[in-house]
**Student:** 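Once you've had a glance at the structure underneath, I'll fire off some questions.
Just so it is clear, the values below take in all heavy atoms, side chains as well, and ignore hydrogens, waters and symmetry mates. A note on names: the letters A, B, ... follow the listed sequences, proteins ahead of strands, and every chain is numbered from 1.
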Amino acid sequence: MDLFSDDYTDGNTLAGPLRELFTVDMTGAVGRCVHCGGEGPVAGMKVYAQAPGLVARCPSCQEVLMRLVRGPSDAWLDLRGTMSLRIPMPPE
Amino acid sequence: MARAAVSGGLNRRLTWHAARLAEVVEETPSARTLVFDVPDWPGHLPGQHVDVRLTAEDGYSTQRSYSIATPADGTRVALTVQRVDDGEVSPYLTETLVPGDVIELRGPVGGWFVWRAADPAPVLLIAGGSGIVPLMAMIRARREAGSRALFRLIYSVRTPEDRFYADELRTRARDDMGLDVGYVYTRQAPEGWPAAPRRLSVADVNNGGWPPDFQPSCFVCGPTAFVETVADILVALGHDPRRVKTERFGPTGS
Ligand SMILES: Cc1cc2nc3c(=O)[nH]c(=O)nc-3n(C[C@H](O)[C@H](O)[C@H](O)COP(=O)(O)OP(=O)(O)OC[C@H]3O[C@@H](n4cnc5c(N)ncnc54)[C@H](O)[C@@H]3O)c2cc1C
Ligand SMILES: [Zn+2]
């Protein structure tokens, strides 16, 4: 994969796929990168759709933050590059 | 279970809806607005998008995201799609689909790249090509809500005939108080245009935007390379990166 091409979108693309799993919108959630400690909204992640499933990379250090693969009967969410996600929640 | 939730409630499970094409508006020789009728549509905010899913007879299916072009309007959902010549989905949407046809769509989705009418901050919108679509929803919603937030749009297009919503933007720039509209032409400018065709530059953003001291909310949308360039320019000019919201549509084809 060429990390310098423009063949990617961003975390806004994850809005639908993640909204299938979570009851709130995740694009505004603030993630922290395991590799560089950088913080930013899920919407700002670089998203590559050519791999099996969707791969989100850190916009600062390019390392993988999360992967989402949707099969016919499961969704597989790999968050190994994400230390934490702070998710805006509406008041109860 | 999903249907038992209050319409539009947060716990509504995101599912695919049947959307029937009701109306088509030609915007440019290669783009059109598709107005779908979606029963049970819960409403949406300007800037949100939908995922569209097409399924072939052999069961192969593929999906793409499209921004919603208008503010919430009952069961109507309007998308404006630019044809990408060698594309899989956009030629079908812009050339094959006719009123009465049904596709699948889910949404609205996206809660970050959204403008809220209650926000009084000045707004800077910067669009490249079809990136105008969600920004147009914001411009339309502003007037509809009677918002006085000051809006400026910088719209980068290849040629005058590639402009989406050109007549409406001209009228709004005149009638919607507090809305400025500026164009940058990258391949061919209209007759008598003061500048030769060129890429959007620091000077365009500096002169056509708001000073960082005004703390505007910036929304940048378009092809990935365009968005990267413009976001870098805004931050270099001193805008707070947290106030620069971006949405990348993908690579610029051929
Ligand atoms: C959040 C979001 C919102 C979007 N909103 C809109 C919208 O309102 N209107 C709209 O027209 N599009 C929008 N897009 C882009 C849209 O999702 C598709 O990428 C686009 O229609 C091309 O799909 P395709 O199947 O025709 O082309 P594909 O078969 O996916 O690609 C064919 C060729 O075109 C290139 N290509 C891929 N995407 C683009 C693109 N966006 N522009 C130019 N070339 C491309 C590819 O590199 C490839 O060479 C949005 C994308 C995102 C992520
Ligand atoms: Zn990182």
**Student:** Is the count of non-hydrogen atoms from other residues, nucleotides or ligands lying under 6.0 Å from Arg80(A) atom CZ greater than 12?
**Tutor:** no
**Student:** For a quick test of reading the model, state the closest non-hydrogen atom pair linking Thr246(B) to Asn12(A) and the distance between them.
**Tutor:**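 Shortest heavy-atom separation between Thr246(B) and Asn12(A) comes out as O-ND2, 3.0 Å.
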**Student:** As an exercise: rank Leu18(A), Asp10(A), Leu14(A) by heavy-atom pairs under 4.5 Å with chain B and give me the winner.
**Tutor:** Asp10(A)
**Student:** Please name the pair of heavy atoms, one in Thr224(B) and one in Thr9(A), separated by the smallest distance, quoted to 0.1 Å.
**Tutor:** OG1-CA, 4.3 Å
**Student:** Heavy-atom pairs under 4.5 Å with chain B: which of Ala15(A), Gly16(A), Gly40(A), Ala43(A) has the most?
**Tutor:**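 Top option by heavy-atom pairs under 4.5 Å: Gly16(A).
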**Student:** What is the distance from atom CD of Glu228(B) to atom NZ of Lys46(A), rounded to the nearest 0.5 Å?
**Tutor:** 6.5 Å
**Student:** For chain B, which candidate among Ala49(A), Pro17(A), Gly44(A) shows the most heavy-atom pairs at distances under 4.5 Å?
**Tutor:**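 Answer, by heavy-atom pair count under 4.5 Å with chain B: Pro17(A).
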**Student:** Can you measure from CH2 (Trp112(B)) to CG (Asp25(A)) and round to the nearest 0.5 angstrom?
**Tutor:**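 Going from the CH2 atom of Trp112(B) to the CG atom of Asp25(A) covers 11.0 Å.
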**Student:** Between Arg106(B) and Arg19(A), is any pair of side-chain heavy atoms under 4.5 Å apart?
**Tutor:** no
**Student:** How far does CD of Glu247(B) sit from OG1 of Thr13(A), to the nearest 0.5 angstrom?
**Tutor:** 7.5 Å
